[in-house]
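Sequence lines set the chain letters: A, B, ... in the order given, protein chains first and strands last, and positions in each chain run from 1.
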Amino acid sequence: MFTLKPIAACASMLTIAPAALAQVPQFGQPIAPADIAAWDISIGPDGAGLPPSRGTAIEGEAIYVAKCQACHGEKGINPSVALSGALVGGMGTLAPDKTPIKTVGSYWPYATTLFDYTRRAMPFQESKSLTADEIYAVSAYILNLNGIIGSNDVMDAQSLPKVRMPNQDGFIPFPRNPK
Amino acid sequence: MFRKTHTEPVDPAAGNGILSRRIFLEGAVVVGATGAGLSRGSAEPLTVQPWMKVPGAGFAGYGQPSPFESKVVKVFPPPPNPPGVGASRTPLHMLEGMITPSGLHFERSHSGVPEIDPDQHRLVIHGLVKRPLVFTVEALSRYPMQSRIAFIECGGNSLALNAPQAQPLNVAATHGLMGCSEWTGVRLSTLLDEAGIEPEARWVIAEGADAAAMSRSIPLTKAMDDALLCLYQNGERVRPSNGYPVRLLLPGFEGNMNVKWLRRLKLTAGPAMTKDETSKYTILLKNEKAWQFVFPMEVKSVITRPSPGLALRGPGFYEISGLAWSGNGSIRQVDVSADGGRSWAPAALQGPILPKAPVRFRAAWQWNGGPAVLQSRATDEMGMVQPTRAQFANERGLRGIYHYNAIASWRIDEKGEASNVYA
């Protein structure tokens, strides 16, 4: 094995460095925040990003029956499509030694996730087709089936983030993440 | 140069026939080892085959494997699932080396593989940045690029090994949600610097352009460290099933976070708590709590040959071959056992040994024809040792589904058949 000795060439490398820095490429095109709006579908757990509009469980039932039930089952309990998952039930099944049934009601920490996910991905065959009213309403319906809100409770940008999910405190950080 | 051949016998290194790795390191010979029970009678007389007598096929625009290799394919469950939900698995037991051919790289998608016109694709960086920016694929292609060989492993790989009873599964089924490519693209830090990061930013929400708009929150520290926006996979443009025209690579991190078909990066102060970082990819422990944001795929290995479906053909010499990897860095050591973990010997590691890339390991084994349980156990550069199934279950239980990295066991019976067991 050889060890390279520091050599005078370093000095000449330093002299070309500033010119190289000046040429850092910049190929991104600026865009105004308003022009990103149609793409910006992320919703934070604090409700940031939730659109205006509103809906209740009573209004959501018809949407669920028409657009969700075929895969997720009647009242969200018995999914008929593999991997689609039960949306309702499973309360208490996270307890030690039980077989967990993880649903929106038993497992999800934030109600905002239900709006976010339904808006971006459901119904499976025609995602991004529901109106904001419909998404609030169907979310309210699923929360109501889980016994978390009442059937006339209005879900909107203010109330949805305030819904306290039963398993909100169920999550802890992984102890071995890289710093 | 002549290769020096050692003719002294290779020493046993561990119980039940595991031999010293000197055979790989020095080219030593195993004296007395025979061609695995095949009769050593004379070979048939050689004849000239028909393909030597007429010209072969002409050229093809894109090469295909030999038709005789048609069984080497990804495996996935048949319908009735909605198309594109679920995963297809890499047949690791039929492959060698460290690189996964692009067409055999596993895929996990949440709403199918979108067919994206690269000219119409856009990547936007926004949120807590000074200058929101849009990039075309053509613009991304103009930045200085970087290549690295890295594995991607689905967080759900090996979940079948959580089952209380060992199932009759092969390596594709147990470990086939891991693949390795040479990825080439632009450092994410370059683009985030161009956009100008606001001081309050801590997370980057990454989102795909698939019908599920699959989305994950990534710590800004990782984005600025070694994250790569990949345009190329094994020298050609990234395959559609792996994120064409641009995917995120977060070396060593849970597969699901390596967002495919990347269209949006939003810098935020906190995580978005998306469905795939709350409902899914969280690890329910023995108590009622669940680990959330489990980033690294921890140290793991698997013997790919012999393995279920690849029967031994009589007593004799066999190479034990497998893969070891760690999301926390390089593999330092792999040990193998033929007696279910009672005794171990170090395997030979085949270079290059790269951080967050799989290493091919090899061990020499003289099978005596009796029962055996083959295991491999990897150690990474952090000193983390792959746990036994009992140690794994002791820490977190077996309800967690994701990030299963315990030692796998293949039992060899007297007929030479291998099967998945818990040992």
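- A pairwise comparison of heavy atoms in B/Trp291 and A/Pro173 identifies CD1-O, 3.6 Å as the closest pair.
- Residue contact with chain A, scored on non-hydrogen atoms closer than 4.5 Å, involves the side chain of B/Ile401 exclusively.
- Contact of the B/Pro144 side chain with the A/Pro25 side chain is registered, since non-hydrogen atoms from C-beta on lie closer than 4.5 Å.
- Within the 3.5 Å criterion, the main-chain N or O of A/Ile41 finds no donor-acceptor partner in the side chain of B/Lys266.
- The contact between B/Asp210 and chain A is made entirely by backbone atoms, counting heavy-atom distances below 4.5 Å.
- Counting heavy atoms from C-beta on, the side chains of A/Pro33 and B/His126 never come closer than 4.5 Å.
- The shortest non-hydrogen separation linking B/Arg399 to A/Pro100 is CD-CD, 3.9 Å.
- Not one N or O on the side chain of A/Arg120 forms a donor-acceptor pair closer than 3.5 Å with the backbone of B/Ala212.
- Contact annotation for A/Phe171: both backbone and side-chain heavy atoms come within less than 4.5 Å of a heavy atom of chain B.
- Interface residue A/Thr93: only backbone heavy atoms are found under 4.5 Å from chain B.
- When heavy atoms are compared at a cutoff of 4.5 Å, B/Leu191 does not approach chain A at all.
- Pairing each heavy atom of B/Ala211 with each of A/Lys128, the nearest pair is O-NZ, 2.8 Å.
- B/Lys130 NZ: more than 12 foreign heavy atoms inside a 6.0 Å radius.
- Both the backbone and the side chain of B/Leu284 come within contact range of chain A, with heavy atoms under 4.5 Å apart.
- Annotation: side chain of A/Pro178 is in contact with side chain of B/Phe253 (closest heavy-atom distance under 4.5 Å).
- Interface remark: B/Met382 contributes no atoms to any contact with chain A (heavy atom separation under 4.5 Å).
- Within 6.0 Å of CD in A/Gln168 there are more than 12 heavy atoms belonging to other residues, nucleotides or ligands.
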Could you give me the CA-CA distance, side-chain angles and deciding distance for A/Phe174 and B/Gln292, then say whether side-chain contact (heavy atoms from CB on, under 4.5 Å) is met?
-> CA-CA 6 Å; A/Phe174 178 58; B/Gln292 190 184 24; over 6 Å; no

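- Contact of A/Ile172 with chain B is made through backbone and side chain together, with heavy-atom distances under 4.5 Å.
- Here the side chain of A/Tyr110 pairs no donor or acceptor atom with the backbone of B/Ala272 at under 3.5 angstrom.
- Distance alone, capped at 3.5 Å, is enough to place a donor-acceptor pair between the B/Glu194 side chain and the A/Gly28 backbone.
- Remark: A/Gln26 CD to B/Asp193 CG distance equals 9.5 Å, nearest 0.5 Å.
- Looking at A/Thr113, its side chain does come within 3.5 Å of a backbone N or O of B/Met273 through a donor-acceptor pair.
- Counting heavy-atom pairs under 4.5 Å between each of A/Ala121, A/Pro30, A/Ser42, A/Ala32 and chain B puts A/Ser42 at the top.
- Between A/Asp40 and B/Arg264 there is a salt bridge, with a side-chain nitrogen of the basic residue lying less than 4.0 Å from a carboxylate oxygen of the acidic one.
- A donor atom on one side chain and an acceptor atom on the other are found under 3.5 Å apart for A/Trp108 and B/Ser279.
- Of the listed residues (B/His110, B/Arg122, B/Arg131), the greatest number of heavy-atom pairs within a distance under 4.5 Å of chain A belongs to B/Arg122.
- Considering every non-hydrogen atom in both B/Thr136 and A/Gln29, the closest pair reads CG2-OE1, 4.5 Å.
- B/Val124 and A/Ile31 get closest at one heavy-atom pair: CG2-CG2, 4.3 Å.
- The residues B/Lys275 and A/Asp116 are annotated as not salt-bridged, no charged nitrogen and carboxylate oxygen being separated by less than 4.0 angstrom.
- Contact between A/Pro45 and B/Pro271 at its shortest, heavy atoms only, is CD-O, 3.5 Å.
- Side-chain N/O atoms of A/Tyr107 and B/Thr282 include a donor and acceptor closer than 3.5 Å.
- Ionic pairing of B/Glu395 and A/Arg176 is present here: one or more N-O contacts between side-chain nitrogen and carboxylate oxygen are shorter than 4.0 angstrom.
- Between the side chain of A/Asn177 and the backbone N or O of B/Phe293 there is at least one donor-acceptor pair closer than 3.5 Å.
- For the set B/Glu298, B/Glu138, B/Lys286, B/Met384, the entry with the most heavy-atom pairs within less than 4.5 Å of chain A is B/Glu298.
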Walk me through it: do B/Asn287 and A/Leu94 pass the test side-chain contact (heavy atoms from CB on, under 4.5 Å)?
-> CA-CA 8 Å; B/Asn287 59 21; A/Leu94 307 182; over 6 Å; no

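- Taking the side chain as every heavy atom from C-beta outward, B/Thr278 and A/Lys102 never approach each other to under 4.5 Å.
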